[in-house]
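One structure is given below, encoded as structure tokens.
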Amino acid sequence: MQTASYARLCNRLPGKRFIHHETVSMADYGRRKGKEAVVDRMLRWLPHYIGRYGDFTDETCRYWTMCRFLQNELGLSLADINRIGREQAERLKIAVQNVA
């Protein structure tokens with residue numbers, strides 16, 4: 001949907017290469033990769049997000065499919081998601097932003 005912006009970004013990056021990709025729903029992604037692989041990828045992504053932007057809030061979680069998936073499919077609370085992300089960030093030595 002933002003192809004022109006994406007093309008400009010790609011051109012500014014070191015590789016200067018436009019990478020074609022498609023947007024897939026979480027359900028399709030899960031069918032392609034398997035639920036276990038999807039959950040593993042989300043849990044690896046989580047500490048990096050929290051490290052950069054701080055804890056998820058009800059508002060920010062609304063916009064991140066991965067956060068909603070962890071809540072809806074795995075039954076994790078927002079507190080659980082943030083705790084797991086912070087613990088993983090600490091283990092990986094990722095500095096966590098305290099965004100208020």
Side-chain angles (χ1 to χ4, degrees):
M1 291 195 296
Q2 298 173 329
T3 305
S5 298
Y6 178 64
R8 285 191 300 273
L9 170 66
C10 290
N11 194 44
R12 288 193 310 263
L13 295 173
K16 299 199 183 306
R17 200 178 96 200
F18 186 93
I19 301 171
H20 294 277
H21 62 281
E22 64 180 295
T23 301
V24 284
S25 71
M26 190 56 86
D28 285 342
Y29 184 68
R31 280 190 289 277
R32 289 180 187 180
K33 301 291 184 180
K35 188 173 182 178
E36 193 171 295
V38 172
V39 170
D40 180 64
R41 184 172 183 139
M42 286 180 198
L43 293 177
R44 284 187 286 127
W45 168 83
L46 197 55
H48 297 281
Y49 176 91
I50 290 175
R52 177 68 178 98
Y53 301 107
D55 287 351
F56 280 101
T57 64
D58 288 328
E59 180 68 16
T60 57
C61 190
R62 288 180 45 210
Y63 299 101
W64 286 99
T65 302
M66 292 187 181
C67 185
R68 292 191 320 269
F69 178 88
L70 292 170
Q71 286 182 318
N72 298 334
E73 296 297 319
L74 299 184
L76 295 175
S77 69
L78 202 53
D80 292 333
I81 293 167
N82 288 324
R83 179 184 48 76
I84 291 167
R86 284 179 167 274
E87 288 171 357
Q88 289 291 76
E90 184 177 314
R91 188 179 67 74
L92 296 170
K93 305 209 181 324
I94 298 170
V96 174
Q97 299 294 316
N98 289 312
V99 179

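No continuous path of hydrophobic side-chain contacts links Leu92 to Ile50 [ILVMFWY only; heavy atoms under 4.5 Å]. Connection of Leu43 to Ile94 is not established within any shared hydrophobic cluster, with ILVMFWY side chains joined at heavy-atom distances below 4.5 Å, either directly or through further cluster members.
Residue pairs that meet the disulfide bond (SG atoms under 2.5 Å apart) test with at least one member in residues 27-64, sequence neighbours left out, are Cys61-Cys67.
In terms of modelled atom types and a separation under 3.5 Å, the side chain of Arg68 and the main chain of Arg62 share a donor-acceptor contact.
The two residues Pro47 and Ala89 make their nearest non-hydrogen contact at CB-N, 3.4 Å. Of all non-hydrogen atoms in Lys16 and Asn11, the two that sit nearest each other are NZ-O, 3.1 Å. The two residues Gln71 and Ile81 have their closest heavy-atom pair at CG-CD1, 3.6 Å.
When side chains are defined from C-beta on, Tyr49 counts as touching Thr60, because their heavy atoms get closer than 4.5 Å. A 4.5 Å side-chain heavy-atom check between Leu46 and Met66 finds every atom pair outside the cut-off.
Between Trp45 and Phe56, the ring-plane angle classifies as tilted under the 30° and 60° cut-offs.
Residues satisfying the salt bridge (charged side-chain N to carboxylate O under 4.0 Å, His left out) criterion with Arg83, sequence neighbours excluded, are Asp80, Glu87. Scored by the salt bridge (charged side-chain N to carboxylate O under 4.0 Å, His left out) test, Lys35 finds Glu73 as partners (sequence neighbours excluded).
Arg91 and Gln88 form a side-chain donor-acceptor contact under 3.5 Å, judged by distance and modelled atom types alone.
A salt bridge links Asp40 with Arg44: the distance from a Lys NZ or Arg NE/NH1/NH2 to an Asp or Glu carboxylate oxygen falls below 4.0 Å.
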